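Structure first, commentary second.
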Amino acid sequence: MGKTFKIVVLPGDGIGPEVVEQALEILKVVSNATPDLQLDITTHLFGGCAIDATGKPLPEDTLAACKAADAVLMGSVGGPKWGVGPVRPEQGLLALRKELGLYANIRPASFASDSLLSHSPLKESVAKGVDFIVVRELIGGLYFGDRKELVSSLDSSKEEYAPADAAYDTMVYSVGEVERITRVAAQIALASDPPLPIHSIDKANVLASSRLWRKIVTATIKREYPQLEQGLDHQLVDSAAMVMVANPRKLNGVILTENMFGDILSDESSVIPGSLGLLPSASLAGSPSKTSTCPGLYEPIHGSAPDIAGQGIANPIGTILSAAMLLRYSLGLEREAVAIESAVRKVLDSTSEGGHGLRTKDLGGNAGTKEIGSKIAEVLKGLL
Ligand SMILES: NC(=O)C1=CN([C@@H]2O[C@H](COP(=O)(O)OP(=O)(O)OC[C@H]3O[C@@H](n4cnc5c(N)ncnc54)[C@H](O)[C@@H]3O)[C@@H](O)[C@H]2O)C=CC1
Ligand SMILES: CC(C)CC(=O)C(=O)O
Ligand SMILES: [Mg+2]
């Protein structure tokens, strides 16, 4: 008897359902080809569609299902329909991450394939050889600190305002929060031989929380991972954002940073391979490990892309690569994860499409979401 894994699927809003559908096709190929692997997949309401159906972005039964699952595969949430009113889809995502304790967001930003270099907005000489992984703290900082809208109307979605209106957000980090995310970055650095350098990114010249961050990262590495001390550096986020597009190889290794900086820098990093639609992520409640698995939430780094939703042209690769991360970190299926990554690379590299591989519009091609997904599934069948 094989093992049955519970997978909860949250397609969400906008292009979410379109890209998730393709990732599910890929998981189906893996389960059909893997004796004894049973995937018990259930789909739940989450985000704007959940607000429409229940009034809440994260209904109780969705949260309960996620808590009981081995892994959650998500599309994206949000969109103009729900705007910035008092009940927003994005609140559901923040609540889900917090409820599941997912403090470690891992966003590999290396090229899915060298064949994309010609499409990168950066010069090939700048973009070639970039290989870094963003480790973003996910349940602290500005997105979770005390905030208030001090508006006379008590509702920031209203258009009227008074001159005295104001609003604030606060960025708080504790020693324990910085220590545990530093350990995740260190474990990822140590998984390579030789170990990868760690670039910790903050704004310590201005922010008190960043000065604490810098001190704790330094102390944790010195105390617990002395072999990584030489490879640790600290950079300010403004100049690091510039380096990321001017000379991104200088950031090769592990980028360790807090919640909002990691959110912004990881979207910026997608410029290097050429599309936000390519990059995956894993959100875990601990360090990824080759020897043990842990539950996690897997999603592409992009949002619901309302500008292209419903057209069947979204790039599903970020979600498909997120499914590969799910197999690796939550199900312990490394071979299958590598096979998916190889299939993606083969499809992008194929020269059968007049000199370059099959591509969606964001990468300069004209293939649809389903066409890309089906091609990757077909190539994957040959690899498993
Ligand atoms: N994890 C999540 O669910 C996230 C949700 N959002 C939400 O998504 C909504 C839209 O946000 P935006 O700022 O427009 O960011 P976005 O990431 O949805 O889109 C930014 C740009 O990238 C393009 N893009 C994104 N994913 C793509 C894909 N797979 N294939 C091809 N092109 C793609 C879009 O067409 C758009 O031009 C907002 O409500 C936002 O709050 C944003 C980020 C993450
Ligand atoms: C939608 C937000 C809650 C966060 C975000 O942009 C992200 O995690 O990439
Ligand atoms: Mg983001």
Side-chain angles (χ1 to χ4, degrees), residues 10-23 46-51 57-58 72-85 87-98 102-107 109 112 116 119 121 134-144 147 169 257-271 273-283 297-322 344 359-373:
L10 308 175
D13 309 313
I15 62 169
E18 301 171 43
V19 291
V20 160
E21 186 187 344
Q22 298 315 307
F46 182 56
C49 59
I51 295 176
L58 176 59
V72 179
L73 178 68
M74 201 199 109
S76 49
V77 294
K81 178 174 180 193
W82 304 281
V84 287
V87 184
R88 301 181 299 280
E90 292 81 358
Q91 290 166 326
L93 181 54
L94 294 176
L96 181 61
R97 289 170 176 170
K98 190 79 168 182
L102 305 173
Y103 67 87
N105 185 223
I106 297 157
R107 298 186 157 190
L116 292 172
H119 181 73
V134 176
V135 175
R136 164 189 174 196
E137 199 293 324
L138 198 61
I139 54 173
L142 211 47
Y143 292 4
F144 289 91
R147 74 169 56 96
D169 300 273
T257 193
E258 66 86 43
N259 201 343
M260 186 175 72
F261 298 159
D263 190 6
I264 295 169
L265 289 174
S266 54
D267 267 32
E268 185 188 355
S269 75
S270 74
V271 169
S275 171
L276 196 51
L278 285 168
L279 299 190
S281 81
S283 303
L297 168 72
Y298 301 85
E299 49 170 322
I301 77 161
H302 62 73
S304 61
D307 53 338
I308 59 165
Q311 298 176 36
I313 59 170
N315 190 340
I317 289 179
T319 317
I320 289 172
L321 293 176
S322 300
V344 168
R359 306 271 162 95
T360 37
K361 199 171 165 194
D362 51 312
L363 291 173
N366 51 22
T369 310
K370 282 185 201 287
E371 201 182 340
I372 296 279

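Every heavy atom of this structure was used, including side-chain atoms; hydrogens, water molecules and symmetry mates were not. Nothing fancy with the numbering, it's 1 onward along the sequence. The structure presented is a predicted model; accordingly, all values stated were derived computationally and were not measured. Just so you know, ligand 1 is whichever comes first in the structure, and atom 1 is the first atom listed for that ligand.
The two atoms that bring L93 and M74 nearest to each other are CD1-SD, 3.5 Å, heavy atoms only.
At least one heavy atom of R97 sits under 4.0 Å from some atom of ligand 2. Within the structure, ligand 2 lacks Q91 among the residues with a heavy atom less than 4.0 angstrom away.
Under 4.0 Å from ligand 1, not a single heavy atom of T319 appears. Here D362 has side-chain heavy atoms under 4.0 Å from ligand 1, and that is the only part of it that gets that close. With a 4.0 Å cut-off on non-hydrogen atoms, N315 touches ligand 1 through its backbone as well as its side chain. The residue K361 has no part lying near ligand 1, judged by heavy-atom distances below 4.0 Å. Heavy atoms of P306 found under 4.0 angstrom from ligand 1 belong exclusively to the side chain. Only side-chain heavy atoms of E90 come within less than 4.0 Å of ligand 1; its backbone N, CA, C and O stay farther off.
Numbered from 1 in the order shown, with element, the atoms of ligand 1 that lie under 4.0 Å from a heavy atom of L276 read 17 (O), 20 (C), 22 (O). In summary, the atoms of ligand 2 found under 4.0 Å from a heavy atom of D263, numbered by their order in the structure, are 4 (C), 5 (C), 6 (O), 7 (C), 9 (O). Less than 4.0 angstrom separates some heavy atom of L93 from each of these atoms of ligand 1: 1 (N), 2 (C), 3 (O). Numbered from 1 in the order shown, with element, the atoms of ligand 1 that lie under 4.0 Å from a heavy atom of I15 read 26 (N), 27 (C), 28 (C), 29 (N). The ligand atoms of ligand 1 that sit less than 4.0 angstrom from a heavy atom of A314 are 30 (N).
For atom 37 (O) of ligand 1, the nearest protein heavy atom (residue, atom name, distance) is D307 OD2, 2.8 Å.
The atom of D263 that is an N, O or S and sits closest to the Mg ion (ligand 3) is OD1.
Remark: ligand 1 and G79 share an N or O pair separated by less than 3.5 Å (distance only, no angle test).
Under the 4.0 angstrom criterion, atom 2 (C) of ligand 2 counts as lacking any protein heavy-atom contact.
Side chain of T360 to backbone of I313: no donor-acceptor contact under 3.5 angstrom is found.
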